[in-house]
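Here the structure is laid out as structure tokens; the discussion comes afterwards.
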Protein chains: 2
Amino acid sequence: MSDQSDARARFLRLHDALRTRICLLDYPPGTRLSEETLAAEFGTSRTPLRRVLARLEDEGLVISQHGVGTIVTDVDPGEMARTYDLRRELAGLVGRLSPVAITDEIVAMGHDFLTRGEALLTNPEVRALARLNMEYFHFGTSLTMNEALRDTSERLYYRTARIWLKATSHLDLTEEIAIFLAELRDSLQALQARDAQAAADVRRAHISLCIARVNAARG
Amino acid sequence: MSDQSDARARFLRLHDALRTRICLLDYPPGTRLSEETLAAEFGTSRTPLRRVLARLEDEGLVISQHGVGTIVTDVDPGEMARTYDLRRELAGLVGRLSPVAITDEIVAMGHDFLTRGEALLTNPEVRALARLNMEYFHFGTSLTMNEALRDTSERLYYRTARIWLKATSHLDLTEEIAIFLAELRDSLQALQARDAQAAADVRRAHISLCIARVNAARG
DNA sequence: AAAGCTTTAGTTGTGCACAACCTTTATGCG
DNA sequence: CGCATAAAGGTTGTGCACAACTAAAGCTTT
């Protein structure tokens, strides 16, 4: 017996796997995903896999067209900018709506992120940066007890993550790592002060900077 | 040929129909929805219907349990309160993130809502109030061009709509209508001033009041 | 050679039969 | 009578075969 039902666990696993591949640009926008091929890879039939693709479609990451295929979406820059606007506001709300009490354990996690971030400098890789950024984002949303805020923030994060990654690959990787490290240091400082609102404000500020940077990279 | 593909149109139709039934308490929390019965009612097989139920499950309105059934959820009061907190903030953001220009047509729509609201006084019905409130909510989100904000607000609205309705049925209906009318009047005033931020603030304020009222009804 | 039609390969959508599972009811034993 | 066990009915989950559909390649005709 598993904690969750077998089917639900597999659903979550496949969903997370495909979402990660899309957001890490393993499947760049325009890629055609074959239900049959994916089903074979994951050792199931099309039926459970279609449930996963349906959710990805609801989340705006793919779009299924009858007779054509299931295609990874590419997002309108204007809509992306507006989504970032909302993400920025939500990041600030994490500090105001049911913030958690900052424990020693949380501070230690913040310190761990910084350590791992600094390790990126010795061996700079875009994918490693993206993965750590993704993990750090989840850490950030875990600082509120407001489930709706968490879910919404994550939903929007995964919708915009690809754009950030695409823009990053056009920028100087080492510089991007340095910027990320700066955020981690500011964040750690806020956590050490046991100030959840300050931590949220750090995230908010860096999303603002990220918006400006991506806009500048586009022209 | 239809504008959308046939399948997608039907999906949206079924989804909207079931979501409305759940939020209007036609299917109160705990109700067991039979896939086969619903499929028969809508003239399809289980397959397309399961796609609809899967989305409703992702939205938190039902939960499917293998061997048991698909059951309409009932929500934890604490989580509901936190969801309302977020909804309040999002309502305020509608005025700040890409607000639309208030046109004469929009003002006319606001006036129309007021007229229809006043009509409720002569024949008070909970369902009619709930339906108008739902329609008015969509009108409110249409005042921003930010798609993500619109989608998120609606998603959260449908997640909390039932709770409001359940609480309302324990309160004085005529008084609830009067409160709703006051919101419509305040809103109309803001629209006539062509002030989108003011309109958003009106909504924000009334969500705050709604939270207090629901809390008072429970305690 | 070019344009239009037909064919063909490949994809997602649908319906059905069955498997897996849970709950309730019936039954047999102490 | 009480309790445990089994059996039955009903529900969601899965796999498969086929339908509906699209796009591209190939063929025919001008």
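Each chain gets a letter, A, B and so on, in the order the sequences are listed, and its residues count up from 1. Keep in mind that what you see is a predicted model, and the values were worked out from it rather than measured.
- For A:Thr47 and D:dT14, the shortest distance from a side-chain N or O to OP1 or OP2 is not below 4.0 Å.
- Side chains of B:Thr160 and B:Arg87: a donor on one and an acceptor on the other come within 3.5 Å.
- Rounded to an integer number of Å, the gap from CZ of B:Arg10 to C1' of C:dT14 is 8 Å.
- Taking atom CG on A:Asp6 and atom P on D:dG15, their separation rounds to 11 Å, with Å as the unit.
- At a threshold of 4.5 Å between non-hydrogen side-chain atoms, the residues B:Leu93 and B:Leu149 count as touching.
- Put simply, the side chain of B:Arg46 and the base of D:dG13 share a donor and an acceptor less than 3.5 Å apart.
- A side-chain donor-acceptor contact under 3.5 Å links A:Thr115 to the backbone of A:His111.
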Requested in this report: Would you please test B:Ser98 and B:Thr144 for side-chain hydrogen bond (donor to acceptor under 3.5 Å, both in side chains) and show each step?
Outcome: CA-CA 6 Å; B:Ser98 309; B:Thr144 178; 5.2 Å; no
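- Proximity of residues 48-71 of chain B to DNA chain C (heavy atom under 4.0 angstrom from any strand atom) is restricted to B:Pro48, B:His66, B:Gly67, B:Val68.
- Across residues 26-37 of chain B, not one residue has a non-hydrogen atom less than 4.0 Å from an atom of DNA chain C.
- Within a 6.0 Å sphere centred on CE of A:Met134, heavy atoms belonging to other residues, nucleotides or ligands number more than 12.
- Looking at A:Arg131, A:Arg21, A:Arg127, A:Arg19 one by one, the single match for salt bridge (Lys or Arg N to Asp or Glu O under 4.0 Å) with A:Asp26 turns out to be A:Arg127.
- Remark: side-chain polar atoms of B:Thr73 are not paired, donor with acceptor, to backbone N or O of B:Val75 under 3.5 angstrom.
- One can place CG of A:Leu14 at 15 Å from P of D:dG13, the figure rounded to the nearest angstrom.
- The stretch residues 141-170 of chain B participates, sequence neighbours left out, in these ring-ring contact (aromatic ring centres under 6.0 Å, His included) pairs: B:Phe137-B:Tyr157, B:His138-B:Tyr158.
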